[in-house]
Structures are given as structure tokens and as C-alpha cells.
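Notes for the one structure printed next.
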Amino acid sequence: MRVGTRSRTPDRLCAEAVELAREVAEEVAAPRGAGPHLGVVQEGDRLVTHRFECLDPGYRGWYWGVTVARASRARYVTVDEVALIPGPDALLAPEWVPWSERLRAGDLGPGDLLPVEADDPRLAPGTSGLDETLAPPVPGDGPAGEPADAAAPGDADADTAPGAPAADGAPGAEEADGGVPPVVDPPERARIEAVAREIGFGRTRVLSRLGLEEAADRWQEGFGPETPMAQAAPASCAGCGFLIPMAGALRQAFGVCANEYSPADGRVVSLDYGCGAHSEAARMPAPSTPPPPVIDHMGADPL
């Protein structure tokens with residue numbers, strides 16, 4: 001069996017169909033028309049593309065590609081397709097980037113909403129089991145296995161003799177009959193979500209370890225010990241009286257500056273950061289007391 005191979009030489013009849021290709025290119029490129037013929041590119045067996053320069057000033061470096069073809073053993077060439085194709089020097093739009101990757105710090109304006117993905121690696125679940133309820137106390141489950149509502153010795157009802165069965169409707173009657181106390185739905189306060197909200201853990205998600213590390217890197221880069229201001233500072237923020245301590249996992253490395261004259265006022269700063277507005281960097285000189293006047297008691301000024 002003979003296997004056909006693609007010829008490296010363009011089909012002669014297709015390569016010679018320059019005028020046919022130009023006629024089609026002129027029609028599609030109207031009113032400016034097509035420019036000079038730039039060459040022929042073989043696309044396959046009996047499949048050739050003729051290139052013509054694009055004269056549109058908005059598409060500098062582009063060319064019109066007219067693909068012609070010929071059927072096997074046919075003598076007539078037909079037009080397959082026409083397209084405007086960018087060349088190696090064509091001006092192209094930059095590669096499309098998703099909005100989540102184009103967004104930069106400071107791009108968010110008033111009224112803008114920034115959605116956060118459900119699997120954002122910067123966040124982690126704040127609490128678990130928010131839809132669960134705390135187990136209600138089981139009646140009769142007291143300390144040391146004794147009933148929780150057991151009466152103390154000497155507190156028995158005067159109308160009931162010791163050892164006598166409890167009357168109908170009295171406490172313990174249902175348990176004595178082997179019944180199960182009714183299950184009462186716990187109040188809203190007994191829900192885990194309510195308890196978490198009361199102690200300050202009501203947020204659905206909190207910063208993950210990755211989110212903490214990224215925040216620390218940003219703050220360290222902006223107001224850290226390697227900045228020029230910190231390198232020239234007389235002391236670090238760790239001993240400054242204008243530093244407001246932070247809470248949470250980053251409290252041992254960062255704080256908030258509260259000095260209005262500092263370039264970091266209202267910003268999160270590293271404890272190793274520093275500036276010339278340090279509270280203990282320089283002391284105001286005490287006002288000097290002028291010496292007492294010297295009075296000459298021995299002589300007299302001429303009048």
C-alpha cells in the first residue's frame with residue numbers, strides 16, 4: 001500500500017492564481033483595497049494562501065490572506081477563505097488577564113463591591129458546627145450518678161411518708177413508671193452560633209495562615225526595618241509611647257502608630273520600624289534661667 005506524503009512544493013496552479021486571489025482580496029478590503037502581493041504559503045496538498053499587504057492605517061503590519069484550493073485532478077482553482085492576519089510586526093492587544101489578576105491595591109473605589117471566592121486561600125473558617133446545638137441537660141443526670149433534682153434528707157413533703165410512692169403528677173412519677181422525659185428544643189442562646197458570637201467568634205471566616213503571612217509581608221515592606229526611614233531612626237517603635245499594641249496572632253511583631261507627625265500615623269508598623277518622631281528620641285531642652293543682673297555698688301554713672 002502506497003502512503004501519500006505532502007509535497008514541499010506548492011501546487012503550481014494554486015500558486016499561479018494570484019489574480020484570482022487579488023480580485024477577492026480587493027473586494028473584501030474595499031474601499032482601500034489590497035496592497036502588493038507578499039508571497040505564497042503552502043497550507044497542504046493543493047492548498048495555498050496568497051498574502052497581500054493591508055493598506056488600512058489602523059492595521060499596520062497585518063496582511064490579507066486568501067486561501068485557494070484545487071480538487072484532486074481538477075484544473076480549476078477555487079477560493080477557500082479570506083482573512084485579515086497579523087504579521088510579525090503587527091500591533092496586537094495584550095493578552096487578556098482575568099479581573100482577579102488585574103486588580104491592584106487601591107483600585108477599589110466608593111460603591112465598588114469586591115467578591116471573595118468561597119475557597120480563597122487567604123481565609124479559613126472562623127468556627128465550625130454553627131448549625132449545631134449544645135446538648136441540653138438530661139434530667140436525673142446529677143453528680144456521682146445521683147438524680148440532679150434529688151431532695152435533701154429531711155426535705156420530704158410532710159404529706160408523703162418515707163418510702164411511699166410519689167403521687168400522680170408529682171416530680172419523679174414519670175421516671176418511676178419507666179417513662180422518658182420529653183425532649184425540649186434548646187433556646188437560641190444554647191446554639192453554638194450564639195455562643196460563638198457572644199465570645200467574639202461570630203465571624204464566618206477569619207484569616208488563614210497564608211493570609212496572615214501575606215499581610216505581614218506587605219506591612220513589613222511598607223513600614224519595616226529595611227526602609228530608609230527606619231535605617232535613619234534613632235530608636236525602634238517597640239519603645240515608642242505613640243505605639244498602640246495590636247491583638248491577635250501578629251501582636252508580637254506589629255502595632256499601630258498614633259503620632260500625627262510620623263509618616264506612619266494610622267498605619268500598621270513593624271516593631272522594628274522607627275522614625276524621627278519617636279517619643280524618646282529627643283528631649284525638649286529645658287528653658288535656661290538667665291543670671292541675675294550685676295549691680296555696681298562701688299561707682300556711680302555720670303548724669
Next item on the list: Flag yes if I85 and L38 sit in one hydrophobic cluster, no otherwise; membership is Ile, Leu, Val, Met, Phe, Trp, Tyr, and two members link when side-chain heavy atoms are under 4.5 Å apart.
Entry: yes
Checklist line | Within-4.5 Å side-chain heavy-atom neighbours: T78 and R70 | finding: no
Check: How close do G274 and A233 get, heavy atom to heavy atom, and via which atoms?
Finding: C-CB, 3.2 Å
Item checked: Within-4.5 Å side-chain heavy-atom neighbours: L47 and Q42 -> no
Notebook entry, point to check: Does some side-chain heavy atom of W96 sit less than 4.5 Å from a side-chain heavy atom of R102?
Noted result: yes
Item checked: Y63 reachable from V40 in the ILVMFWY side-chain graph, under 4.5 Å edges -> no
Next item on the list: Kindly work out whether a path of hydrophobic side-chain contacts (I/L/V/M/F/W/Y, heavy atoms less than 4.5 Å apart) joins V66 to Y59.
Entry: yes
Next item on the list: For residues A230 and D272, report the shortest heavy-atom separation together with the two atoms involved.
Entry: CB-O, 4.5 Å
Check: Got more than 12 heavy atoms from elsewhere within 6.0 Å of CD, E23?
Finding: no
Check: What do the steps show when you test T227 against Y273 for side chain to side chain contact (heavy atoms under 4.5 Å, CB included), and what is the final call?
Finding: CA-CA 8 Å; T227 58; Y273 180 74; 3.3 Å; yes
Notebook entry, point to check: Taking the side chain as C-beta and beyond, is there a heavy-atom pair between V82 and W64 under 4.5 Å?
Noted result: yes
Margin query: Please report the interatomic distance CG(N259) to SG(C257), rounded to the nearest 0.5 Å.
Written below: 5.5 Å
Next item on the list: Any chance you could measure D56, atom CG, to W62, atom CH2, to the nearest 0.5 Å?
Entry: 11.0 Å
Next item on the list: Could you grab the distance from atom CD of E280 to atom SG of C240, nearest 0.5 Å is fine?
Entry: 7.5 Å
Note to self: So for atom CG, which belongs to L91, do other residues, nucleotides or ligands contribute more than 12 heavy atoms lying within a distance under 6.0 Å?
What the structure shows: no
Notebook entry, point to check: Which heavy-atom pair separates P234 from G276 by the least distance, and what is that distance?
Noted result: CD-CA, 4.3 Å
Checklist line | Transitive ILVMFWY side-chain link V48 to L13, under 4.5 Å | finding: yes
Check: How many angstroms lie between CD in E19 and NE2 in H37, if you round to the nearest 0.5 Å?
Finding: 9.5 Å
Next item on the list: For residues L243 and L271, determine if any side-chain heavy atom of one lies less than 4.5 Å from a side-chain heavy atom of the other.
Entry: yes
Item checked: Closest non-hydrogen atom pair between I244 and A258, with its separation -> CD1-CB, 3.7 Å
Check: In this structure, are over 12 heavy atoms from other groups packed under 6.0 Å from Q231 atom CD?
Finding: yes
Next item on the list: Spell out, as yes or no, whether a donor-acceptor pair under 3.5 Å connects the side chain of S270 to the backbone of G224.
Entry: no
Notebook entry, point to check: Has the side chain of R46 got a donor or acceptor atom that lies under 3.5 Å from a matching backbone atom of R12?
Noted result: no
Next item on the list: Measure from the side-chain N and O atoms of E226 to the backbone N and O of E221, and report whether any donor-acceptor pair falls under 3.5 Å.
Entry: no
Next item on the list: Please round to the nearest 0.5 Å and tell me the distance separating atom CG of L212 and atom CG of L207.
Entry: 5.0 Å
Checklist line | Least distance between heavy atoms, P57 atom then R32 atom | finding: CD-NE, 3.5 Å
Next item on the list: Examine distances only and state if a side-chain atom of H50 and a backbone atom of T67 form a donor-acceptor pair shorter than 3.5 Å.
Entry: no
Notebook entry, point to check: Roughly how far, to the nearest 0.5 Å, is CZ of F242 from OG of S262?
Noted result: 9.5 Å
Margin query: Show, in sequence, the C-alpha distance, side-chain angles and deciding distance for V268 and M246, and conclude whether the side chain to side chain contact (heavy atoms under 4.5 Å, CB included) test is met.
Written below: CA-CA 9 Å; V268 178; M246 293 178 56; 3.9 Å; yes
Checklist line | Validation row: L20, V79 side chains within 4.5 angstrom (heavy atoms) | finding: yes
Margin query: Could you tell me if the side chain of F254 sits less than 4.5 Å from the side chain of Q220, heavy atoms only?
Written below: yes
Check: What's the verdict on side chain to side chain contact (heavy atoms under 4.5 Å, CB included) for F223 and R267, showing C-alpha distance, side-chain angles and the deciding distance?
Finding: CA-CA 8 Å; F223 297 95; R267 305 291 189 88; 3.5 Å; yes
Note to self: Would the distance check show the side chain of R251 and the main-chain N or O of G248 forming a donor-acceptor pair, the cut-off being under 3.5 Å?
What the structure shows: yes
Item checked: Stepwise side chain to side chain contact (heavy atoms under 4.5 Å, CB included) test for R51 and V41 -> CA-CA 8 Å; R51 296 183 176 184; V41 177; 3.5 Å; yes
Note to self: Is there a continuous path of hydrophobic side-chain contacts, each under 4.5 Å between heavy atoms, that joins V116 to W99?
What the structure shows: no
Check: Is there side-chain contact between L123 and S208, with at least one heavy-atom pair below 4.5 Å?
Finding: no
Next item on the list: Count the heavy atoms of every other residue, nucleotide or ligand shown that sit under 6.0 Å from CD of E16, and state whether that count exceeds 12.
Entry: yes
